[in-house]
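Inspection log for the structure reproduced underneath, given as structure tokens.
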Amino acid sequence: MSKPYYITTPIYYPNSDPHIGSVYTTLCCDVLARFMRLDGHEVKFLTGTDEHGQKIEQTATKLGKSPQEFVDEASKSFRNVLAVYNLSVDDFIRTTELRHKRGVQHFWELLEKKGYIYLGSYAGWYAVRDEAFYTESDLVDGKAPTGAPVEWVEEPSYFFKLSAFQDKLLEYYASHPDFIAPLSRRNEVLSFVKGGLKDLSVSRTSFKWGIPVPGNESHVIYVWLDALMNYLTALGYPDREKRDYTTFWPADVHMVGKDILRFHAVYWPAFLMAADLPLPKKIFAHGWWTNKGQKISKSLGNVIDPYEIAETYGVDQVRYFLIREVPFGNDGDYSEEALISRVNSQLSNELGNLVQRTLSMVWKNCEEKMPSPSIPFEEGDKALMKKAYSLIEDIRPLLQKDQALSKYVDLLWQLVGDANRYVDTQAPWALRKNNPPRMEVVLYTLCEVIRVLGILLQPLIPASAAKILDQLGVPEQARTFKNLEAVDALKPGAPIQEPQGIFPRLNDVRNPETC
RNA sequence: GGCGGAGUAGCUCAGUUGGUUAGAGCAGUGGAAUCAUAAUCCAUUUGUCGGGGGUUCGAAUCCCUCCUCCGCUACCA
């Protein structure tokens with residue numbers, strides 16, 4: 001077994017239902033996790049819910065529930081969406097679990113012992129109406145930017161000595177140029193840290209719903225310190241002898257949305273440095289989705305319901321769209337038109353039709369069996385198969401090193417295009433009449449290329465890829481990247497199933513009358 | 001305000017360290033084929049490379065300046 005691979009999503013705040021953004025983050029991790037598993041790595045893919053904090057407490061109170069009752073329920077909907085989207089997580093951590101709370105308190109005590117946490121007081125201009133603190137420079141005519149009146153408030157708070165880590169962080173960024181991706185985000189973090197770091201208030205007294213500060217129960221631990229620790233507590237921390245910890249820490253990738261990059265790229269490494277623990281290898285900040293060019297927000301009423309679009313267009317169709325539509329790292333724009341257009345032209349026409357046209361010729365002209373080449377392959381056949389077999393070598397570094405999800409799909413579609421061109425130039429329908437043995441060679445070559453495509457598509461569209469491989473009769477245990485070679489080629493003469501379309505065109509969904 | 005990024009064909013974008021006639025996908029137009037989910041394949045764009053100035057034998061690519069858009073600029077998560 002080659003190198004283990006640990007990939008995480010942020011833990012989601014269950015104050016509201018899962019939205020397209022959280023599904024997207026988890027999906028990106030899922031594609032990477034599935035890819036690494038098929039490539040022979042032992043993978044741990046972690047997600048979960050971040051269940052403490054003032055907002056949860058307030059929402060629960062509003063609903064007349066205890067916070068615990070509320071999060072028990074809310075957390076479930078984040079679990080459900082995983083099943084709907086076929087997201088292959090290995091563990092789901094909740095910050096209200098004992099294993100987590102224990103680890104966080106231990107971590108706190110450690111930092112305190114090392115002198116990185118001290119009791120001070122937090123002071124600032126507080127606006128009761130906004131429930132927010134403002135700095136002197138935020139104020140406009142002695143009032144909050146929102147116009148709310150402010151008062152000077154001081155409250156006791158524990159602080160983390162973030163200021164002590166400014167130089168260490170900058171050194172670390174400099175010596176690990178790949179630590180933060182994409183590059184533009186890395187620049188933002190650098191300029192933030194260069195601008196100077198103040199100590200970070202890491203406890204709250206204004207609400208109760210959190211992990212108590214060890215030794216001073218009037219404080220609860222700042223939710224971000226609490227939340228970030230999930231990456232460790234899910235591995236059994238503080239028990240550093242545990243197999244999960246020794247195997248998987250430090251994490252290979254923390255996938256995050258660009259809005260929470262700072263917590264992951266500044267605070268989290270500083271916390272870990274303070275505790276003398278190794279830092280994760282990469283923080284990847286992906287972009288956001290807009291809806292037809294508009295920012296998505298509840299108040300605009302343009303939220304995209306992940307359940308609804310999965311139901312309407314199909315899970316793999318949506319997975320495909322989300323990954324292919326945007327150069328990974330950039331923002332993406334969602335629209336029904338764009339989704340339908342991609343699904344129809346690329347999934348149904350280019351890929352689906354390639355499989356269908358090939359297999360139906362095989363079904364009709366090769367006695368419902370895999371074609372049996374009885375004459376030698378020609379150069380063109382060999383070249384196409386060779387390209388298929390070696391594709392993994394091009395894809396592997398893209399995903400392993402750069403998480404270049406959309407490029408991975410682009411490469412696959414180049415092979416799809418090659419295969420379609422091959423069908424046209426070889427014209428097996430003509431060979432059927434004037435050179436049947438050659439037809440079998442051509443169809444066999446196509447089936448073999450489709451087998452490779454099916455295997456390589458599994459991380460992206462797992463259910464559909466399985467259908468393709470089923471139709472070819474590829475055994476379930478022969479679907480890893482190790483099987484991407486001629487040794488594991490399809491068995492000539494093996495019986496196949498009657499081919500069935502895998503990606504129905506979506507026109508009928510939108511305009512039923514056009515059927 | 002400060003720091004950073006971007007402005008390339010109708011649309012979405014690629015364009016490594018400056019070097020021959022600036023590319024891809026989609027859309028549009030013309031054609032081929034008819035195995036297939038009317039899917040596929042081929043051909044095709046007169047693009048002020050945001051404006052202006054400069055460096056250079058030569059700039060989308062470097063420098064200056066202006067315009068426009070975007071991101072970051074700490075204690076909700």
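In what follows, chains are A, B, ... by sequence order, proteins preceding strands, each numbered from 1. On a predicted model such as this, the values are computed, not experimentally measured, just so you know.
Remark: P of B:G71 and CZ of A:F192 are 18 Å apart, rounded to the nearest angstrom. The interatomic distance linking A:E325 (CD) with B:C26 (P) rounds to 13 Å, in whole Å. In this entry the distance linking CD of A:Q426 with P of B:A32 reads 22 Å, nearest Å. In this structure, A:E337 atom CD and B:C11 atom P are separated by 17 Å, rounded to whole Å. In this structure, A:F263 places its CZ atom 11 Å from P of B:A74, rounding to the nearest Å. Counting to the nearest Å, the C1' atom of B:A14 and the CG atom of A:N330 are 12 Å from each other. Distance CG (A:D424) to P (B:A39): 15 Å, rounded to an integer number of Å. For the pair A:L190 CG and B:G5 P, the computed distance is 12 Å after rounding to whole Å.
Of the nucleotides present, none pairs with B:G18 by Watson-Crick or G-U wobble criteria with both distances under 3.5 Å. With a 3.5 Å ceiling on both atom-pair distances, the Watson-Crick or G-U wobble partner of B:G4 is B:C70. B:C41 is paired with B:G31 under the Watson-Crick or G-U wobble criterion, all donor-acceptor distances under 3.5 Å. Base-pair partner of B:G58: not found among the strands shown (Watson-Crick or G-U wobble, both distances under 3.5 Å). Nucleotide B:C49: unpaired (no Watson-Crick or G-U wobble partner with both distances less than 3.5 Å). B:U12: Watson-Crick or G-U partner is B:A24, with both key distances under 3.5 Å.
Nearest nucleotide to the side chain of A:S191, out of B:C75, B:C3, B:C42: B:C3. Comparing B:A36, B:A77, B:U37 by their nearest atom to the side chain of A:S360 picks out B:A36. Taking the side chain of A:L162 as heavy atoms from C-beta on, and the options B:A39, B:G71, B:A74, the nearest nucleotide is B:A74. Proximity note for A:N420 (side chain, C-beta onward) versus B:U40, B:A36, B:U37: the nearest is B:U40. In the set B:A39, B:A33, B:C72, the nucleotide with an atom closest to the side chain of A:R505 is B:A39. When the nucleotides B:C75, B:A39, B:C72 are ranked by their closest atom to the side chain of A:N349, B:A39 comes out on top. Of the candidate nucleotides B:A77, B:A74, B:G71, B:G71 has the atom lying nearest to any side-chain atom of A:R185. For A:L197, the side-chain atoms get nearest to B:A74 when compared with the rest of B:C35, B:C42, B:A74. Candidate nucleotides B:C26, B:A74, B:A77 were compared by shortest atom distance to the side chain of A:Y267, and B:A74 ranks first. Taking the side chain of A:V423 as heavy atoms from C-beta on, and the options B:C35, B:C42, B:A77, the nearest nucleotide is B:C35.
As rounded to the nearest Å, B:G50 and B:A9 have C1' atoms that lie 15 Å from one another. Taking the C1' atom of each, B:C66 and B:G7 are spaced 14 Å apart, rounded to whole Å. Nucleotides B:G52 and B:U8 have their P atoms positioned 15 Å apart, rounded to a whole Å. With C1' as the reference atom, B:G28 and B:U46 are 16 Å apart, rounded to whole Å. Taking the P atom of each, B:C75 and B:C63 are spaced 35 Å apart, rounded to whole Å. Taking atom C1' in both B:C57 and B:G51, the straight-line distance is 26 Å, to the nearest Å. The same atom, P, is picked in B:C11 and in B:G4; the two are 30 Å apart, to the nearest Å. Spacing between B:U61 and B:U16 at atom P, rounded to whole Å, works out to 11 Å.
At a threshold of 4.0 angstrom between heavy atoms, the contacts of A:K194 with the nucleic acid are absent. Nucleic acid contact class of A:Y13 (heavy atoms, under 4.0 Å, all strands): sugar-phosphate only. Counting non-hydrogen atoms under 4.0 angstrom, A:G196 reaches a base of the nucleic acid. At the heavy-atom level, A:D50 lies under 4.0 Å from the strands shown only through sugar-phosphate atoms. Across all strands, A:Y222 comes closer than 4.0 Å only to sugar-phosphate atoms, never to a base (heavy-atom distances). Heavy atoms of A:G352 sit under 4.0 angstrom from at least one base atom.
Judged by distance alone, with hydrogens and angles left aside, the side-chain atoms of A:N353 form no donor-acceptor pair with the main-chain N or O of A:S348 at under 3.5 Å.
Each of A:S184 and A:K55 was assigned the nucleotide of RNA chain B with the nearest heavy atom; the assignment lying further toward the 5' end belongs to A:S184. The 5' end of RNA chain B is approached more closely, in terms of each residue's nearest nucleotide, by A:I502 than by the other of A:G195 and A:I502.
Centroid-to-centroid, the aromatic rings of A:W224 and A:H52 stay 6.0 Å apart or farther. Proximity of the aromatic rings of A:W413 and A:Y320 is defined here by a centroid distance below 6.0 angstrom, and this criterion is met.
Heavy atoms from other residues, nucleotides or ligands lying under 6.0 Å from NZ of A:K65 number more than 12.
A salt bridge is absent between A:D470 and A:K467: the closest approach of a Lys/Arg side-chain nitrogen to an acidic carboxylate oxygen does not fall below 4.0 angstrom. With respect to A:D424 and A:R357, a salt bridge is recorded, a charged nitrogen being found less than 4.0 Å from a carboxylate O.
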Intermediate values then yes/no, side chain to side chain contact (heavy atoms under 4.5 Å, CB included), A:R432 and A:M361: CA-CA 10 Å; A:R432 182 184 58 180; A:M361 275 186 280; over 6 Å; no
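With hydrogens and angles ignored, a donor-acceptor pair under 3.5 angstrom links the side chain of A:N353 to the base of B:A36.
With a 4.5 Å cut-off on side-chain heavy atoms, A:L322 and A:I20 count as touching. A:Y158 has its side chain within reach of A:N216: a pair of non-hydrogen atoms, C-beta onward, lies under 4.5 Å apart.
Between A:R357 and B:U34, a side-chain N or O to OP1/OP2 separation shorter than 4.0 Å is absent. One finds no side-chain N or O of A:K407 lying less than 4.0 angstrom from the OP1 or OP2 phosphate oxygen of B:A14.
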